[in-house]
Amino acid sequence: MPNTLFGAQPLFTIATWNVNSLKMRMPVLLDWLEKHKPDALALQETKIEDHEFPTLDLAIAGYQAVYAGQKSYNGVAILAKDMPDACDYGLPDFADEQKRVIAATVNGVRVIDLYVPNGQSVGSDKYEYKLNWLAALHRWLGEELQKHEKIVVLGDFNIAPEDADVDDPWRWEGRILFTDAEKAAFHRLLELGFVDAFRRFPHPPKTFSCWDYRMNAFHKNRVARIDHVLVSPALVPKLTAAMIDVAPRTHERPSDHTPVVISMEN
DNA sequence: ATGGTAGAAACTCTA
């Protein structure tokens with residue numbers, strides 16, 4: 001059950017983390033769960049088939065899981081202290097073999113875990129797929145708002161929505177993850193009523209969630225805040241904190257993404 | 001300025 005501080009409201013903490021291979025990241029993931037003990041954690045890029053999912057190791061750590069995985073690419077999962085309920089898979093009315101969406105109810109909160117397509121390069125087939133995918137997501141989330149009051153939409157959005165979300169907006173201009181069409185798609189989700197939880201709280205400038213593995217090679221390349229936690233209007237006044245935990249990037253074999261964590265009154 | 005590195009898996013693709 002959610003953490004409780006003496007004399008305070010019980011808090012519900014939920015996080016998102018693109019782990020870039022669950023198998024590779026199990027040691028650091030288990031360390032992180034032990035340290036932070038979130039009530040729920042949404043994972044992306046698990047890159048593991050369902051029959052290989054490490055349910056036992058996670059159960060020993062105190063976490064139940066629902067998951068939708070595939071070999072080599074993509075894959076999403078929701079871990080929670082209490083068993084996630086009413087699980088849904090994929091975007092409705094959008095045929096997609098890629099495992100990028102899983103939704104479940106945790107402690108009365110509808111948790112929607114996303115691994116938004118990367119888009120590869122502007123004008124590519126994958127870019128068009130990304131924009132179509134985001135349009136289908138927008139339609140679905142509009143419907144979900146009619147069904148659920150408490151919704152958290154979180155994951156790797158592969159979009160840096162504002163200038164403050166990249167290291168150098170001038171250099172990023174027009175590049176993948178930072179095009180006008182991608183930013184507009186993100187802002188259309190906010191127009192539905194969702195709120196970017198991270199921006200409800202002050203943070204140091206240049207707080208990012210993802211850095212390209214190649215950034216030290218030639219020049220700094222692709223450092224951005226592309227992992228997000230959106231909350232439905234009913235949850236906005238309940239938010240108590242939002243942070244990006246950069247600690248796991250100091251691990252010996254880090255993911256290229258760091259966890260984003262929010263807490264709210266339960 | 002079209003490289004670079006990490007991961008999975010297969011000798012290439014994705015990010």
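Sequence lines set the chain letters: A, B, ... in the order given, protein chains first and strands last, and positions in each chain run from 1.
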- Message: Taking dT14(B) as the reference, what is the distance to dG4(B) when you measure between their C1' atoms (whole Å, please)?
- Response: 15 Å
- Query: Got a sec, which pairs hit side chain to side chain donor-acceptor pair (under 3.5 Å) with one end in residues 58-68 of chain A, sequence neighbours left out?
  - Reply: none
- dT14(B) phosphate, OP1 or OP2, under 4.0 Å from K126(A) side-chain N/O: yes
- Item | F198(A)-H203(A) aromatic ring centre distance below 6.0 Å | yes
- Message: Run the side chain to side chain donor-acceptor pair (under 3.5 Å) test against R100(A) and tell me which residues pass, sequence neighbours left out.
- Response: N74(A), Q98(A), Y129(A)
- Message: Work out how far the P atom of dT12(B) is from that of dT2(B), and round it to whole angstrom.
- Response: 23 Å
- Message: If you assign each of Y73(A) and N20(A) to its closest nucleotide in DNA chain B, which residue comes earlier from the 5' end?
- Response: N20(A)
- Query: How far, in whole Å, is dG3(B) from dA15(B) if one measures between their C1' atoms?
  - Reply: 15 Å
- Query: Mind checking the P distance from dT5(B) to dA9(B)? Whole angstroms is fine.
  - Reply: 22 Å
- Task: Answer with base, sugar-phosphate or nothing: what part of the nucleic acid does R100(A) contact at a heavy-atom distance below 4.0 Å?
- Result: sugar-phosphate
- Does a nitrogen or oxygen in the side chain of R214(A) sit under 4.0 Å from OP1 or OP2 of dA15(B)? no
- Starting at CG of D212(A) and ending at P of dT2(B), how long is that distance when rounded to a whole Å? 16 Å
- Residues touching DNA chain B, which here means a heavy atom under 4.0 Å, drawn from residues 154-166 of chain A: none
- Query: Do K130(A) and Q120(A) touch side chain to side chain, with heavy atoms closer than 4.5 Å?
  - Reply: no
- Could you list the residues that satisfy side chain to side chain donor-acceptor pair (under 3.5 Å) with S232(A), not counting sequence neighbours? none
- By side-chain contact (heavy atoms from CB on, under 4.5 Å), A95(A) pairs with (sequence neighbours left out) none
- Task: Taking only the side-chain nitrogens and oxygens of R25(A), find out if one of them lies under 4.0 Å from OP1 or OP2 of dG7(B).
- Result: yes
- Task: Return the value, rounded to whole Å, for the distance between atom CG of L22(A) and atom P of dA8(B).
- Result: 10 Å
- Query: Which comes earlier along DNA chain B counting from the 5' end, the contact point of N18(A) or that of R253(A), where each point is its nearest nucleotide?
  - Reply: R253(A)
- Query: Got a sec, which residues hit side chain to side chain donor-acceptor pair (under 3.5 Å) with N20(A), two or more places apart in sequence or on another chain?
  - Reply: K47(A), Y213(A)
- Task: Go through dA15(B), dA8(B), dA6(B) for me and flag the one nearest to the Y213(A) side chain.
- Result: dA6(B)
